[in-house]
Amino acid sequence: MTACHRPDIVLVLTDQHRADVSAREGFPLDTTPFLDELGRSGAWFDRAYTTSPLCCPARTSLLTGRFPSAHRVTQNPANPLAVRDADLFSEARAAGYATAMIGKNHTYLDSSSVDHWVEFTHDGQVATPSQALNKEFDKWLAALRHRTHEKPTPFPVEAQNPHRIVDEALAWVAGVPEDRPFLLTVSIPEPHNPYQVPEPYFSLFPEESLPPTRTGAEVLEGKSFPWQYLRSLGEHAVADYAGAIAPSRSNYFGMLRLIDDELRRLLAGLESRHRVRERVVVATADHGDFVGEYGLVRKGAEIPDILARVPLVVNGDAVRPAGTPRPEHVSLADLMPTLCEAMGRELPDGVQGRSLWPLLTGRPFPAEEFSSAYVEQGMGGLPYGPEDVADQMPGLIFDGPDGEPRWDELNAATQSGRRRKVRSGDWTLYADIVGDFRLYNLREDPLELVDRWSDPAAADERVRLLSLLAVWQMRAEDPLPTVPGGYRLKRDPRNHLAPYRHSEGKGQSS
């Protein structure tokens with residue numbers, strides 16, 4: 001493998017950032033102009049997928065290149081229990097990189113995993129801030145209890161998580177010698193709830209200017225129990241849940257613009273170093289947010305495209321500009337092997353993702369390899385139904401120990417069972433542990449409201465995606481542990497499977 005002269009690597013990770021709410025994807029509000037510009041001058045993927053639409057499983061996959069069924073983090077509380085070997089930071093350190101994690105962690109990592117560590121959460125900085133303003137803001141932010149603030153945030157931009165995280169990142173980089181490459185992860189907790197934003201961002205996208213949602217709560221009647229339960233949770237926790245959706249959306253889009261401006265400031269602050277060192281910039285997210293569609297906010301119900309698809313932009317000296325979205329179907333699990341190759345590292349044992357480095361740098365690659373993407377969700381057991389919550393059974397109680405309404409969308413009712421999704425071309429297949437299969441044409445039906453599973457006209461696509469699902473299920477099986485002195489496994493150096501595919505199966509992907 002050929003490295004890009006050991007480039008600096010800047011990995012920007014946002015939280016609950018929906019892929020389609022940007023001008024580059026045709027959204028009528030200009031929420032991320034700088035990210036759009038980075039995409040046009042580099043590579044951007046409009047078929048990039050999380051490995052699971054919740055924080056810890058997705059973030060663990062990004063770091064390890066492994067799917068949740070392999071690393072075993074299938075719910076957020078399991079984050080310390082990740083099954084893994086090497087990860088992105090250990091490989092970077094082995095390559096002589098200086099490493100930093102600044103921002104939201106929410107994984108198995110701790111301060112010993114990197115050279116520099118500054119942690120933030122949705123309630124502000126984990127360590128007590130030194131500045132009184134930041135301390136007051138963090139206290140105010142925590143008091144929101146993840147809700148929506150329907151007025152401008154009464155603190156300046158400088159107190160916000162994204163601004164402080166960028167300040168910390170620039171301060172750390174200033175101390176890294178120019179002859180040593182770095183891996184810098186800038187992990188921004190927003191635009192995840194609490195939905196709040198200060199001026200001037202609060203007034204950028206006022207409620208009356210917002211494009212209408214394409215669906216409302218009326219479609220939940222035709223959805224499964226987790227969707228309906230998610231709505232009931234919100235209505236229990238917030239007196240006027242329906243009325244809070246518009247201000248939540250307005251704040252969400254304002255937060256995106258704030259983050260975008262901070263990303264611009266980050267890269268501007270790194271420009272003097274960039275003049276003497278090559279770099280790779282990756283901007284992505286762990287999963288999406290309903291942002292009002294289906295009469296919902298946040299996440300939690302199954303694996304619809306609106307939650308599973310994520311923004312992904314890669315820019316850098318070695319990255320060939322595409323100008324338009326790339327057609328490949330890619331995954332968060334692909335980023336770890338991609339960055340390993342950029343650093344000149346071989347892929348460690350247990351990695352399941354595929355290196356994107358050849359397609360990013362204009363070298364030959366098997367196009368068929370990226371003809372589909374795969375997503376997992378569910379922590380096991382059987383799915384809950386309406387009969388299970390009639391008496392507020394333990395584990396599904398709405399209210400917290402203090403008697404105040406809870407609003408935990410990632411609960412037993414929404415996360416139980418197993419679910420899988422495959423996307424290929426215009427089509428996506430959903431399957432779950434009790435045999436519920438659904439098939440959707442995303443070009444005609446982007447919100448997945450018309451199930452084509454039993455449609456004779458879609459029979460070929462049904463068979464094609466089921467075949468892809470079968471192969472993905474085997475790809476996601478854990479190859480660890482390896483046996484010292486045992487059999488030597490045959491592996492592709494980039495984890496590309498397509499060159500070895502049986503000739504009769506080559507027509508199954510397009």
Handout entry: Arg420-Tyr430 side chain donor-acceptor pair, cut-off 3.5 Å
Key = no

Practice task
Taking atom types as modelled, find out whether Arg418 and Ser69 have a side-chain donor-acceptor pair closer than 3.5 angstrom.
Solution key: no

Practice task
Could you check if a side-chain atom of His106 sits within less than 4.5 angstrom of a side-chain atom of Asn76, using non-hydrogen atoms only?
Solution key: yes

Practice task
Decide whether Thr121 and Lys104 meet the rule of one side-chain donor and one side-chain acceptor closer than 3.5 Å.
Solution key: no

Practice task
Decide, yes or no, whether a salt bridge links Arg309 with Glu25 under the criterion of side-chain N to carboxylate O below 4.0 Å.
Solution key: yes

Handout entry: Any donor-acceptor N/O pair, Thr185 side chain to Ser187 backbone, under 3.5 Å
Key = no

Exercise for the section: Determine whether more than 12 heavy atoms belonging to other residues, nucleotides or ligands lie under 6.0 Å from atom CD of Glu221. Expected result: no

Practice task
Using only heavy-atom distances, determine whether the side chains of Asn161 and Glu190 contain a donor-acceptor pair under 3.5 Å.
Solution key: yes

Practice task
Kindly say whether the aromatic ring centers of Phe45 and Phe370 come within a distance under 6.0 Å.
Solution key: no

Using atom types as modelled, flag every donor-acceptor pair under 3.5 Å from a side chain in residues 61-68 to any protein atom, sequence neighbours excluded.
from, atom 1, to, atom 2, distance (Å)
Ser61, OG, Thr51, OG1, 2.8
Ser61, OG, Pro57, O, 3.1
Ser61, OG, Arg66, O, 2.6
Ser61, OG, His71, NE2, 3.0
Thr64, OG1, Thr60, O, 2.7
Thr64, OG1, Arg66, N, 3.2
Arg66, NE, Val83, O, 3.2
Arg66, NH1, Gly350, O, 3.0
Arg66, NH1, Asp478, OD1, 2.9
Arg66, NH2, Ala70, O, 3.1
Arg66, NH2, Val83, O, 3.1
Arg66, NH2, Asp478, OD1, 3.1
Arg66, NH2, Asp478, OD2, 3.0

Practice task
Using atom types as modelled and distance alone, determine if a side-chain donor or acceptor of Thr31 lies under 3.5 Å from a backbone N or O of Phe253.
Solution key: no

Practice task
With the side chain counted from C-beta on, respond yes when Gln415 and Leu410 share a heavy-atom pair under 4.5 Å apart, and no when they do not.
Solution key: yes

Practice task
Taking only Lys NZ, Arg NE, NH1 and NH2, and the carboxylate oxygens of Asp or Glu, determine whether Arg443 and Asp426 approach each other closer than 4.0 Å.
Solution key: yes

Completion exercise
Residue set satisfying salt bridge (charged side-chain N to carboxylate O under 4.0 Å, His left out) with Asp436, at least two apart, ordered chain then number -> Arg438

Exercise for the section: Using the salt bridge (Lys or Arg N to Asp or Glu O under 4.0 Å) rule, take Glu444 and Arg452 through it: C-alpha gap first, then chi angles, then the decisive distance, then the call. Expected result: CA-CA 11 Å; Glu444 300 171 355; Arg452 302 281 299 278; 3.5 Å; yes

Exercise for the section: Output yes when a side-chain donor or acceptor of Glu293 lies under 3.5 Å from a complementary backbone atom of Thr215, and no otherwise. Expected result: yes

Practice task
Walk me through it: do Asp8 and Tyr97 pass the test side-chain hydrogen bond (donor to acceptor under 3.5 Å, both in side chains)?
Solution key: CA-CA 8 Å; Asp8 287 341; Tyr97 275 62; over 6 Å; no

Practice task
Measure from NZ or CZ of Arg494 to the centre of the six-membered ring of Trp357 and say whether it is under 6.0 Å with the direction within 45° of the ring axis.
Solution key: no

Handout entry: Donor-acceptor pair between Gln16 and Lys299 side chains, under 3.5 angstrom
Key = yes

Handout entry: Within 45° cone and under 6.0 Å: Arg462 NZ/CZ vs Trp453 ring
Key = yes

Exercise for the section: Please answer whether the main-chain N or O of Val291 pairs with a side-chain N or O of Asp289 as donor and acceptor at a distance below 3.5 Å. Expected result: yes

Exercise for the section: Indicate yes or no for a side-chain donor-acceptor contact from Ser416 to the backbone of Leu382 under 3.5 Å, with no hydrogens or angles considered. Expected result: yes

Fill in the blank from the handout: Given the options Leu256, Leu204, Asp36, Asp30 meets side-chain contact (heavy atoms from CB on, under 4.5 Å) only with Asp36

Exercise for the section: Using a 4.5 Å cut-off on heavy atoms from C-beta on, say whether the side chain of Pro304 contacts that of Trp227. Expected result: yes

Handout entry: Tyr294 and Phe290 aromatic ring geometry - parallel, tilted or perpendicular at 30°/60° bounds
Key = perpendicular

Practice task
Measure from the side-chain N and O atoms of Ser90 to the backbone N and O of Ala86, and report whether any donor-acceptor pair falls under 3.5 Å.
Solution key: no

Handout entry: Side chains of Val281 and Val314 in contact at under 4.5 Å (non-hydrogen atoms)
Key = no

Exercise for the section: Could you tell me whether Arg72 and Glu376 have a side-chain N and a carboxylate O separated by less than 4.0 Å? Expected result: no

Practice task
Would you indicate whether the side-chain heavy atoms of Ser355 and Asn495 approach each other to under 4.5 Å?
Solution key: no

Completion exercise
Rounded to the nearest 0.5 angstrom, the CE-CG distance for Met336 and Asp334 is 12.0 Å

Exercise for the section: Could you tell me whether the side chain of Arg298 and the main chain of Gly300 form a donor-acceptor pair under 3.5 Å? Expected result: no

Exercise for the section: Report the C-alpha distance between Glu328 and Arg47 in whole Å, list the side-chain angles of each, state the deciding distance to 0.1 Å, and finish with yes or no for salt bridge (Lys or Arg N to Asp or Glu O under 4.0 Å). Expected result: CA-CA 7 Å; Glu328 293 86 8; Arg47 294 177 181 182; over 6 Å; no

Exercise for the section: Run the salt-bridge test on Arg491 and Asp349 with the 4.0 Å N-O cut-off and return the result as yes or no. Expected result: yes

Practice task
Could you pull out all residues at least two apart from Trp427 that satisfy ring-ring contact (aromatic ring centres under 6.0 Å, His included)?
Solution key: none

Exercise for the section: Report yes or no: do Ser424 and Ser371 form a side-chain donor-acceptor pair below 3.5 Å? Expected result: no

Problem - 4.5 Å side-chain heavy-atom contact, Ile259 and Thr14 - result: yes

Problem - Ring center gap for His17 and His192 short of 6.0 angstrom - result: no

Exercise for the section: For the pair Asp20 and Arg214, evaluate salt bridge (Lys or Arg N to Asp or Glu O under 4.0 Å) and give the outcome as yes or no after the intermediate values. Expected result: CA-CA 13 Å; Asp20 64 340; Arg214 293 167 289 175; 3.4 Å; yes

Handout entry: Listed once per pair and sorted, the salt bridge (Lys or Arg N to Asp or Glu O under 4.0 Å) pairs that draw on residues 249-261, sequence neighbours left out
Key = none

Exercise for the section: For residues Pro194 and Arg147, determine if any side-chain heavy atom of one lies less than 4.5 Å from a side-chain heavy atom of the other. Expected result: no

Exercise for the section: Give a yes-or-no answer on whether the side chains of Glu302 and Ser224 include a donor-acceptor pair shorter than 3.5 Å. Expected result: yes

Handout entry: Which residues share a salt bridge (charged side-chain N to carboxylate O under 4.0 Å, His left out) with Asp408, sequence neighbours left out
Key = Arg406

Practice task
Consider only side-chain N and O atoms of Asp87 and Tyr108, and report whether a donor and an acceptor are under 3.5 Å apart.
Solution key: yes

Exercise for the section: Ignoring hydrogens and angles, tell me if any N or O in the side chain of Asp286 forms a donor-acceptor pair with the backbone of Cys56 under 3.5 Å. Expected result: no

Handout entry: Leu449 atom CG, neighbour heavy-atom count above 12 within 6.0 Å
Key = yes

Problem - Donor-acceptor contact present, side-chain His329 to main-chain Ala48, <3.5 Å - result: no

Practice task
Give a yes or no answer on whether the side chain of Asn315 reaches the backbone of Leu38 with a donor-acceptor pair at less than 3.5 Å.
Solution key: yes

Handout entry: Non-neighbouring partners of Phe205 that pass ring-ring contact (aromatic ring centres under 6.0 Å, His included), sequence neighbours left out
Key = none

Problem - Arg354 and Glu341 ion-paired at < 4.0 Å - result: no

Handout entry: Salt bridge flag under 4.0 Å for residues Glu37 and Arg40
Key = no

Handout entry: Approximate separation, where rounding is to 0.5 Å, of Arg264 CZ and Thr32 OG1
Key = 10.5 Å

Practice task
Tell me yes or no: between the side chains of Asp451 and Tyr440, is some donor less than 3.5 Å from an acceptor?
Solution key: no

